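Throughout, protein chains are lettered first and strands after them, A, B, ... in sequence-line order, and every chain is numbered starting at 1. Note that the coordinates shown come from a computational prediction; the quantities given were computed from them, not determined experimentally.
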There are 2 protein chains.
Amino acid sequence: MAVTLKDIAERAGVTSATVSMVINNKPNISDATRKKVLKIAKELNYYPNVIARGLATRKSNSIGVIVPNLASSFVVRVLQGIKSTNRDIDYTVQLFDTVGQNENESQLFQRLARERRIDGVILISSTVTDEELNIFRDESVPSIVVARKCDSLDSVYVNNEMGACDATDYLIEKGHTQIACVISNKLGLPTKERLDGYKQSLSNHNLPFQEDLVFEVEDDGITSGVEVFSRIRERQPAVSAVFVPAGDMVAIGLIKEAKKRELRIPQDWAVVGFDDIPAAEVVEPSLTTVRQPKLEMGDYAINMIVDKIEGRESGIKHKELPTKIIIRESA
Amino acid sequence: MAVTLKDIAERAGVTSATVSMVINNKPNISDATRKKVLKIAKELNYYPNVIARGLATRKSNSIGVIVPNLASSFVVRVLQGIKSTNRDIDYTVQLFDTVGQNENESQLFQRLARERRIDGVILISSTVTDEELNIFRDESVPSIVVARKCDSLDSVYVNNEMGACDATDYLIEKGHTQIACVISNKLGLPTKERLDGYKQSLSNHNLPFQEDLVFEVEDDGITSGVEVFSRIRERQPAVSAVFVPAGDMVAIGLIKEAKKRELRIPQDWAVVGFDDIPAAEVVEPSLTTVRQPKLEMGDYAINMIVDKIEGRESGIKHKELPTKIIIRESA
DNA sequence: CACCTTATTGCAACCGCTTAAGAAAGTAAG
DNA sequence: CTTACTTTCTTAAGCGGTTGCAATAAGGTG
């Protein structure tokens, strides 16, 4: 059997309450007994049972990270950020995804909260709806959403509009005027914001926004890029540059297909992606893209949620992080 | 306050013990009370407090996944496999990494086990030593190691030797006789196994093994590949093919640098990687490589550990998965 | 009708730790 | 030498479930 407070207490000739206070560094314990207890605890190789402690303190000391799908490089990178923060975090990370489950994000959250499984939640999702986020807000367990802006809940996100605007600015400065924009219909709010940034840039440069320069793709994979290439060429042969808020993988598909069709990049076609995934550096020509500070987002998220859990922060907090355009060869 | 068993019991006019038995689907409860209790539980939106339950049952219903570093695509992919198994897993996944902590994998495991935090552990690491694995074996909490073979502990791994042998066979069949081998000194046992496979293939084809065709790199990043290129060219100008057990990123670096130095791939130099990461498909020419079934490994691991926890399996089990050579353009 | 089963529910201890309140002993003050 | 604090430790009541055993009532048997 595992050694418990009682075991230590017996050997030390005190009560388990006293041992508990020693273990937790509470005041009002004499130096003598404190030392004796600690010595015995070490001898017996004592570890507190966190479950029992959790029941008594009504804390689980763990935070849940809810993601729609772990098979997203963005999500994984944010997760890495969460795990690699410099701060010494006394919380365990429990990982939940909702793909293939019969619960959506908010239902899952509600259950976790009521089951007292977790003290706080980080939701990494750009597609979650406002109504769902309201459920998060209404639960008594603190939560925070990463990857989309939200008025009613703490959030960490990037300035998508500015990122898209910068990217488009860059293409315009390179002399392009017919700039296609490839968006994903699976990205939720950020898609809209990035499209707004694209429009903003055009408008700043007195260029007209043309609805039929906007192309939509179904997912953010490489095949979407391959597929959308023909659509762009057919519908808009005059296009000389493509901005791809749908993501780097789509941009890479586009580049690959363009090269196959004997277009030179960036001379005939300039391409700018969004996110800056590892493959962006690998593709040839390497991909100019808008980098999202994913590690930093995770870092902020974990720090904010811990502050919230421990009552150091109240009220709704937001952290908007800047994007950065990474110039490579494709534009 | 949250609703408890007692709340339900009061309204139902029974004892909380009875409610508990209903909730847990125990026998010896009349249909009438069962129905009544369930109805009230639903009305009150009852969720059992998993911490309290855990204390009583001495189970946490969660399994720990320990990884040395989450910033590894291999690890992440296995993790995805763990999370996406078809089986309905009643365990929560808690994620731990040891990079930047002052505990190594086995110390962490020992603590988690003693603190009763987890019912079982999946360790994803190829570099863990035999001595460390012995600590895992000696603890009473079931555990399993993914990514390396181990006699003393359940394990899930690929047949590295066969994978490397296949890759080398392939190069030899293409007519290559001077085949360099680039290994990582950060991969532990698999490095040795892959090197053995390489030797085996040479031997099978009556080619001599030459020690100085083996090159070592410090990490598995793209820069290692760039760096090792010159070493190979200097020391072994006659090399016409490179097998890179050190991993795809190294192989990609090698390709990029080779192209920069005006070598044609695969005509002048053939390159074969190991692992099959997403970027392998993106690089130009695309990378021929040995695929490791990472999702499947995760799948097996979670199933094995759950069986072990629930006592359906005993004794040491191993699962060896085959690799598969993915032919692309680089060889 | 007395006696024995069987089905169902209640009782109470327990899981291991925390914590508010109280008690004992020492100490300073009047 | 009381009285009133302090300091240090103990008591005991939880936290919210689970579970072995006792108890009760209903039904069956001779």
query = Would B/Arg87 and B/Asp307 pass as an ion pair if we require N to O under 4.0 Å?
reply = yes
ask   = Does a donor on one side chain and an acceptor on the other come within less than 3.5 Å for A/Thr85 and A/Asn303?
value = yes
Interatomic distance where NZ belongs to A/Lys59 and P belongs to C/dC17 [whole Å] = 18 Å
message = Let me spell it out: for each of B/Arg58 and B/Pro27, pick the nucleotide of DNA chain C with the closest heavy atom. Which residue's pick is nearer the 5' end?
response = B/Pro27
ask   = Got a salt bridge between A/Glu10 and A/Lys6, using NZ or NE/NH1/NH2 to carboxylate O under 4.0 Å?
value = no
inquiry  = Could you tell me the boundaries of the chain B footprint on DNA chain D, defined by atoms under 4.0 Å from its heavy atoms?
reply    = D/dG16 to D/dT19
task = State, yes or no, whether a side-chain contact exists between B/Met21 and B/Asn28 at a heavy-atom distance under 4.5 Å.
result = no
inquiry  = Just the rounded figure in Å: distance from P of C/dC17 to CZ of A/Arg116.
reply    = 22 Å
message = Nearest whole Å is fine: how far is C/dG16 C1' from B/Arg53 CZ?
response = 18 Å
inquiry  = Restricting to ring-ring contact (aromatic ring centres under 6.0 Å, His included), what partner residues turn up for B/Phe109, sequence neighbours left out?
reply    = B/Phe136
ask   = Using a cut-off of 4.0 Å on non-hydrogen atoms, how would the nucleic acid contact of B/Leu55 be classed: base, sugar-phosphate, or nothing?
value = base
message = Both A/Asn28 and A/Ala17 contact DNA chain D. Taking the nearest nucleotide for each, which residue is further toward the 5' end?
response = A/Asn28
ask   = Does A/Tyr46 place a side-chain N or O at less than 4.0 Å from the phosphate oxygens OP1/OP2 of C/dG16?
value = no
key: d(CZ, B/Arg117; P, C/dC17) in whole Å   = 13 Å
task = Can you tell me the distance, in whole Å, between the CD1 atom of A/Ile8 and the C1' atom of C/dC17?
result = 12 Å
request  = To the nearest Å, give me how far apart NZ (A/Lys26) and P (C/dT18) are.
outcome  = 7 Å
query = Once you round it to whole Å, what is the distance between P of C/dG10 and NZ of B/Lys6?
reply = 15 Å
request  = Under 4.0 Å between any heavy atoms, over every strand shown, what does A/Thr57 touch: base, sugar-phosphate, or nothing? Just pick one.
outcome  = sugar-phosphate
inquiry  = So, OP1 or OP2 of C/dT9: does either fall under 4.0 Å of a side-chain N or O from B/Thr33?
reply    = yes
ask   = Between A/Lys308 and A/Asp154, is the closest basic N to carboxylate O distance under 4.0 Å?
value = yes
inquiry  = Using whole Å, what does the distance between atom C1' of nucleotide C/dG16 and atom CD1 of B/Ile51 come to?
reply    = 13 Å
task = Classify the nucleic acid contact of A/Thr4 as base, sugar-phosphate or nothing, counting any heavy atom under 4.0 Å across all strands shown.
result = sugar-phosphate
query = Does the side chain of A/Gln292 come under 3.5 Å of the side chain of A/Tyr157 through a donor N or O and an acceptor N or O?
reply = no
